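Report on the following structure.
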Amino acid sequence: MSPRVWLVTGANSGLGLALVEHALAQGDQVIAAIRNPASIPDSIKAAKPLTLDLNASDSDIQRAGKAALDIYGRIDVLVNNAGYCLTGYVEEVQDADIKHEFQTNFFGAISLTQSLLPAFRSQRSGYILNLSSVAGIDGHPPFAMYNASKAALEAMTEALHTELLPFNVTALIIEPGYFPTNFWSSADASRIPPARLTGAYPETDSLFNTMPKKKLEEKQVGDRRKAVARIFELVSGTGHYAQQSVNTKFVRVVLGPDAGTRIRSKLKLILENVDGTEEVWRSTNMDEETLEKYARGEY
Ligand SMILES: NC(=O)c1ccc[n+]([C@@H]2O[C@H](COP(=O)([O-])OP(=O)(O)OC[C@H]3O[C@@H](n4cnc5c(N)ncnc54)[C@H](OP(=O)(O)O)[C@@H]3O)[C@@H](O)[C@H]2O)c1
Ligand SMILES: *[C@@H]1O[C@H](CO)[C@@H](O)[C@H](O)[C@H]1NC(C)=O
Ligand SMILES: *[C@@H]1O[C@H](CO)[C@@H](O)[C@H](O)[C@H]1NC(C)=O
Ligand SMILES: *[C@@H]1O[C@H](CO)[C@@H](O)[C@H](O)[C@H]1NC(C)=O
Ligand SMILES: *[C@@H]1O[C@H](CO)[C@H](O)[C@H](O)[C@@H]1NC(C)=O
C-alpha cells in the first residue's frame, strides 16, 4: 500500500506542526501549507511546502489546492487546521477584524475544501478534518467572533459529513480543549487597541497571564503530541480507534477532558432550555381552522 498523503494547513506551529511531525514519523507523506515559506521548521523538512494564506481570494486558495493535488497526484487527509482567535467584545470589534477572522477560520477553509472535493469524490476515500474548538459549542466572552466562526465551521461540516457519506469520504469536526501552542499569544496580540475600548466591559489585559497559570494549577493542560496521535489513529484505524469501545461513526472528535465536560454541560443547558420553555414552543402551530385556510391557499 502506498503511503497516505496529508495536506495540513497552519503546519508551521502548534497542533498543525505536531500533526505533520507525527504523520512523517509514521511514514506518511505530507504537504505542509504555511503562509510564510520562511517559517517552515526544520523538523518537517521532509514535507512538501505549499504557500497558502487563508486571507486570500477564493480563486487564489483554490489554485493552491489544485497545486497541492499535483504534488503527489492525490490527497487522502485534508486537515483544515490553520486558524486563530480574535479577542474582543461584540460592541468593540471592528468589521475588518471580524471579516479577517471569518475569512481565515471559515471561508478560507471552504475554498480549500471545495478545490479538493472533486478529487475526494472520485477517489472514493479520504478524510476532511476541520479543526474547530470547544468554543464552537460553548464559547465565552471576549471571544464572540472566534466562537461564531467555529460554530459556522461546525454547522457546515455537519452538512458536508452527510453529503459525502455516499462517496465514502469522511468529514469530521475536531474539537480540542486547551493545548499550549501559539494560540493564546496570537489571541492576546489580536486584542483591541486601548484607544478603541469603550471601558464598559471587563478589561482583558490580565486574561492571558492568568489563564495559563490557572490551567496549570488545575492540571488541565492538553498534550498536543497526544492530540495528534489520536487524530492519526482515527485516520489509520489504530490505537484507541481500533478498540471496540470507541464508536467511530460520530462527526465530532472531542480532545481533552475540559472539552468533553464543557460540551456535556452546554448540551445539558440546551436541553434544560428546551424543556423549560416547552409551553411556549408548543404554542405556535396553526390551529385546525387556520390550517384548513392554509391548505386552501388563503392564509
Ligand atoms: N491550542 C488550543 O488550545 C486550541 C483549542 C481549540 C482549538 N484550537 C484550534 O486549533 C487550530 C490550530 O491552532 P494552534 O493551537 O495550533 O495555534 P497556533 O500555534 O497559533 O497555530 C495556528 C496556525 O494557523 C496559521 N494561520 C493563522 N492565520 C492564518 C492565515 N490567514 N492563513 C494561513 N494560516 C494561518 C498560523 O500561521 P502563522 O504562524 O503564520 O501565524 C499557524 O500556523 C486552530 O484552528 C485553533 O482554533 C486550538
Ligand atoms: C485580508 O484580505 C483583505 C482583502 O484582500 C485585505 O483588505 C486585508 O488587509 C487582509 N488582512 C490582513 C490582516 O492581511
Ligand atoms: C472507504 O475509505 C476508506 C478510507 O478512507 C478505505 O480504506 C476504504 O477502502 C474505502 N472503501 C471503499 C468501498 O472504497
Ligand atoms: C458560541 O457558539 C454557540 C453555537 O455553536 C452558541 O450556542 C453559544 O451561545 C456561543 N457562545 C457565546 C458566548 O457566544
Ligand atoms: C469542513 O470543510 C469545509 C467547510 O465546512 C468544507 O466546505 C467543509 O464544509 C468542511 N470544512 C470546513 C472548513 O468546514
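Sequential numbering from 1 along the given sequence is applied to the chain's residues. Keep in mind it's a predicted model, so treat the numbers as computed, not measured. When a ligand or atom number is given, it counts from 1 through the structure's own listing order.
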Worksheet item: For ligand 1, which atoms sit closer than 4.0 Å to a heavy atom of Leu52?
Response: 33 (C)

Worksheet item: Which residue owns the protein heavy atom closest to atom 32 (N) of ligand 1, what's the atom, and how far is it?
Response: Leu54 N, 2.9 Å

Discussion item. With a 6.0 Å cut-off on the ring centroids, do Phe183 and Tyr146 count as close?
Written reply: yes

Response to the item:
ligand 1 to Tyr178, heavy atom cutoff 4.0 Å, flagged ligand atoms 3 (O)

Item to complete: May I ask you to check whether over 12 heavy atoms, not counting those of Lys226, lie within 6.0 Å of atom NZ?
Response: no

Item to complete: State if Gly177 counts as touching ligand 1 under the rule of any non-hydrogen atom under 4.0 Å.
Response: yes

Discussion item. Looking only at distances, can you tell me whether any N or O atom of Asn168, backbone or side chain, sits closer than 3.5 Å to an N or O atom of ligand 3?
Written reply: yes

Worksheet entry | Distance-only polar pair, side chains of Asn55 and Thr104, donor-acceptor under 3.5 Å | no

Fill in: Minimum side-chain heavy-atom gap Leu24-Gln29 below 4.5 Å
no

Response to the item:
Of all protein heavy atoms, the one nearest atom 16 (O) of ligand 1 is Leu15 N, 2.8 Å

Response to the item:
atom 39 (O) of ligand 1 has as its nearest protein heavy atom Asn12 ND2, 2.8 Å

Worksheet item: In the protein, what heavy atom is nearest to atom 27 (C) of ligand 1, and what distance, to one decimal place, separates them?
Response: Arg35 NH2, 3.6 Å

Discussion item. So for ligand 1, is Gly10 a polar contact partner (N or O within less than 3.5 Å, distance only)?
Written reply: yes

Fill in: For atom 9 (O) of ligand 2, the protein heavy atom that lies nearest, with its residue and separation
Asn55 ND2, 4.8 Å

Worksheet, complete the sentence: ligand 3 to Tyr127, heavy atom cutoff 4.0 Å, flagged ligand atoms 5 (O)

Worksheet item: Is Ser39 in contact with ligand 1, taking contact as a heavy-atom separation below 4.0 Å?
Response: no

Item to complete: Between Gly83, Gly108, Ser185, flag the one that comes closest to atom 22 (C) of ligand 1 by a heavy atom.
Response: Gly83

Worksheet item: Does the side chain of Asn80 come under 3.5 Å of the side chain of Thr113 through a donor N or O and an acceptor N or O?
Response: yes

Worksheet, complete the sentence: Counting from 1 in the order shown, the ligand 1 atoms closer than 4.0 Å to a non-hydrogen atom of Asn81 are 11 (C), 12 (C), 44 (C), 45 (O)

Item to complete: Anything under 30° is parallel, anything over 60° is perpendicular, the rest tilted; go ahead and classify Phe232 against His22.
Response: perpendicular

Worksheet item: Under the 4.0 Å line, does any protein heavy atom show up next to atom 11 (N) of ligand 2?
Response: yes

Worksheet item: Would one find an N or O of Asn182, backbone or side chain, under 3.5 Å from an N or O of ligand 1?
Response: yes

Worksheet item: Centres of the His100 and Phe107 rings: under 6.0 Å?
Response: no

Worksheet item: Around Lys48, counting heavy atoms of other residues, nucleotides and ligands shown, do more than 12 lie under 6.0 Å from its NZ?
Response: no

Item to complete: Identify, for atom 9 (C) of ligand 1, the protein heavy atom at the shortest distance, and state residue, atom and that distance.
Response: Ser132 O, 3.7 Å

Worksheet, complete the sentence: Min over Trp184, Phe183, Phe179, Tyr146 of heavy-atom distance to atom 3 (O) of ligand 1 lands on Phe179

Item to complete: Check ligand 1 against Thr104 and write out every atom of the ligand that is under 4.0 Å from a heavy-atom position of the residue.
Response: 28 (N), 29 (C), 30 (C), 31 (N)

Worksheet entry | Element-labelled atoms of ligand 1 that are located less than 4.0 Å from some non-hydrogen atom of Ser133 | 6 (C), 7 (C)

Worksheet item: What protein heavy atom sits nearest atom 26 (N) of ligand 1, and how far away is it?
Response: Ala82 CB, 3.9 Å

Response to the item:
shortest atom 31 (N) of ligand 1-to-protein heavy-atom contact is with Asp53 OD1, 3.1 Å

Response to the item:
For Arg124, the ligand 3 atoms with a heavy-atom partner under 4.0 Å come out as 1 (C), 10 (C), 14 (O)

Worksheet entry | Within-cutoff protein neighbour (heavy atom, under 4.0 Å) for atom 4 (C) of ligand 2 | no

Worksheet item: For ligand 1, which atoms have a heavy atom of Asn55 less than 4.0 angstrom away?
Response: 31 (N)

Fill in: Protein heavy-atom partner closest to atom 15 (O) of ligand 1 - residue, atom, separation in Å
Thr181 OG1, 2.5 Å

Worksheet entry | Element-labelled atoms of ligand 1 that are located less than 4.0 Å from some non-hydrogen atom of Gly14 | 16 (O), 19 (O)

Worksheet entry | atom 7 (O) of ligand 3: any protein heavy atom closer than 4.0 Å | no

Discussion item. Between Thr238 and Glu233, is there a side-chain donor-acceptor contact under 3.5 Å, judged purely by atom types and distance?
Written reply: no

